[in-house]
Amino acid sequence: RIEEVLVDLFNQPVYLELLKASGEPQEIMLGYSDSCKDGGIMASAWGLYQAQQRVMSITEQRGIRCRLFHGRGGTVGRGGGPTHEAILAQPPDTVRGQIKFTEQGEVLFYRYNNKETAIYELTMGITGLMKASLSLIRPVTHPQPEYLEIMHELAGLGEAHYRTLTEKTDGFLDYFYEATPVGDIGQLNIGSRPSHRKKQDRSKYSVRAIAWVFAWAQSRQTFPAWFGIGQSLNTWSRGASHREQTLKTMYQEWPFFRNLLSNAQMALR
């Protein structure tokens, strides 16, 4: 509903005057966790990529400055991963001199508790921001249109495989509740909201994304970070060596695709 919400908002003269008076850019937050829980990491990453392009297109058409706010979690299943690579993986010409993202939970400790580590992390973030902002001073390279079409197909394959397991496989949710400590997590007073939307509802819709990812991680099953990727790659390239080579070229040339696969590989180690 990006276009519907933003167009309606920017059609309000009073809001535009408020925005102009503040002198601040329009900040738009992108949520990572629920899209991954619903459709899997492949569809989530691609949906967010496209969402950023739509947001920048709408604001640019109206001459409104925009800052994207990435609501990332610490784990790969909630948009986490190395900050430098994550910034470079954003769509070209969407990072324009500034970016905002969340750092949550244990990430704060292991990235910023030590002075040297904190300096390194901040330096990597700043250099990533500078590289991703080159569009402000010179034309930048956009991914091949063929890559976008392939990614659309891969996302569809990955989402179908993910939903088949999580929504159409008998016993899957029973396994989730028995093999992970999600029940215990729900009793801990450590979150900003309950682990489920409805206490007695054990459906996939009811369990919140943070509890979903945290529970899988605590049972050492990094399921949300990778499931659906392998199946989509195998299905798309099966029996066609030229397609496998195309995927390798995409990995080498397209930072978004490389970051997606690298994060999944990191989660599987």
Side-chain angles (χ1 to χ4, degrees), residues 27-38 40-42 44-45 48-49 52 67-90 94-95 97-133 176-177 179-197 207-227 229 255-256 258-269:
E27 186 171 281
I28 298 175
M29 185 175 184
L30 303 163
Y32 283 69
S33 302
D34 282 296
S35 60
C36 184
K37 187 202 79 172
D38 292 342
I41 187 74
M42 202 76 160
S44 172
L48 285 161
Y49 189 96
Q52 292 177 71
R67 175 172 59 230
L68 294 173
F69 178 11
H70 298 262
R72 309 192 314 155
T75 56
V76 173
R78 295 183 53 233
T83 302
H84 185 86
E85 287 76 9
I87 295 175
L88 294 180
Q90 305 312 311
T94 58
V95 180
Q98 56 182 320
I99 192 170
K100 185 174 180 179
F101 50 84
T102 51
E103 295 279 49
Q104 301 180 10
E106 71 281 4
V107 174
L108 291 173
F109 179 83
Y110 68 71
R111 285 187 177 173
Y112 306 108
N113 186 57
N114 178 276
K115 181 179 178 180
E116 287 74 16
T117 304
I119 292 174
Y120 172 80
E121 290 291 340
L122 291 172
T123 301
M124 293 299 288
I126 292 170
T127 54
L129 174 61
M130 293 172 67
K131 292 177 183 177
S133 300
F176 170 65
Y177 281 99
T180 74
V182 63
D184 299 311
I185 290 171
Q187 298 179 45
L188 298 176
N189 188 26
I190 60 173
S192 59
R193 54 182 68 90
S195 64
H196 287 67
R197 290 181 172 85
V207 61
R208 293 185 183 274
I210 294 176
W212 172 264
V213 174
F214 191 30
W216 286 114
Q218 288 298 302
S219 63
R220 300 299 182 264
Q221 301 176 79
T222 54
F223 165 83
W226 54 265
F227 192 84
I229 292 180
F256 164 77
R258 183 167 60 251
N259 183 66
L260 173 64
L261 298 190
S262 295
N263 281 342
Q265 183 181 32
M266 178 180 68
L268 285 166
R269 287 175 181 167

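Note that the numbering runs from 1 along the sequence shown for the chain. Note: hydrogens, waters and symmetry copies are ignored here, and every other heavy atom, side chains too, is used.
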- Query: With sequence neighbours left out, what residues match Ser133 under side-chain contact (heavy atoms from CB on, under 4.5 Å)?
  - Reply: Val95, Leu129, Leu136
- Set of residues satisfying side-chain contact (heavy atoms from CB on, under 4.5 Å) with respect to Ala215, sequence neighbours excluded: Phe176, Thr180, Val182, Ile185
- Item | Under the side-chain contact (heavy atoms from CB on, under 4.5 Å) test, residues paired with Ser262 that sit two or more places apart | Tyr251, Arg258
- Message: Working to the nearest 0.5 angstrom, can you tell me the gap between Ile28 CD1 and Arg67 CZ?
- Response: 11.0 Å
- Report the residues that fulfil side-chain contact (heavy atoms from CB on, under 4.5 Å) with Gln265, sequence neighbours left out, ordered by chain and then residue number. Arg269
- Query: What residues, two or more places apart in sequence or in another chain, satisfy salt bridge (charged side-chain N to carboxylate O under 4.0 Å, His left out) together with Lys100?
  - Reply: Glu27
- Shortest non-hydrogen pair, Ala264 vs Ile229, comes out as CB-CD1, 3.7 Å
Distance-only criterion, 3.5 Å: show the donor-acceptor pairs between side-chain atoms of residues 116-127 and protein atoms not counting sequence neighbours.
unit_1 : atom_1 : unit_2 : atom_2 : d
Thr123 : OG1    : Ile119 : O      : 2.7
Thr127 : OG1    : His84  : ND1    : 3.3
Thr127 : OG1    : Thr123 : O      : 3.0
Thr127 : OG1    : Met124 : O      : 3.0

- Student check: side-chain heavy atoms of Phe227 and Thr222 closer than 4.5 Å: no
- Note on the structure: All heavy atoms of Trp212 vs all of Trp216, minimum pair found to be O-CD1, 2.9 Å
- Task: Could you tell me which non-hydrogen atom of Pro224 sits nearest to which non-hydrogen atom of Ile41, and how far apart they are?
- Result: O-CB, 3.6 Å
- Query: Who are the side chain to side chain donor-acceptor pair (under 3.5 Å) partners of Gln221, not counting sequence neighbours?
  - Reply: Tyr175, Ser219
- CZ-OG1 distance between Phe69 and Thr102, expressed to the nearest 0.5 angstrom: 5.5 Å
- Task: Measure the spacing between CD1 of Ile87 and CD1 of Ile99 and express it to the nearest 0.5 Å.
- Result: 5.0 Å
- Please report the closest heavy-atom contact between Thr83 and Phe101, naming both atoms and the distance. CG2-CZ, 3.4 Å
- Note: Leu88 and Ala132 closest approach over all heavy atoms is CD2-N, 4.0 Å
- Does Tyr49 have any ring pair (Phe, Tyr, Trp, His ring centres under 6.0 Å) partners at least two apart in sequence or in another chain, and if so, which? Trp46, Trp254, Phe256
- Item | Under the salt bridge (charged side-chain N to carboxylate O under 4.0 Å, His left out) test, residues paired with Glu85 that sit two or more places apart | none
- Query: Around Met29, counting heavy atoms of other residues, nucleotides and ligands shown, do more than 12 lie under 6.0 Å from its CE?
  - Reply: yes
- Considering non-hydrogen atoms only, spot the tightest contact between Ala86 and Asn259 and give its length. N-OD1, 3.9 Å
- Output for pair (Asn114 CG, Phe109 CZ), nearest 0.5 Å, gives 9.5 Å
- salt bridge (charged side-chain N to carboxylate O under 4.0 Å, His left out) against Asp184, all qualifying residues, sequence neighbours excluded: none
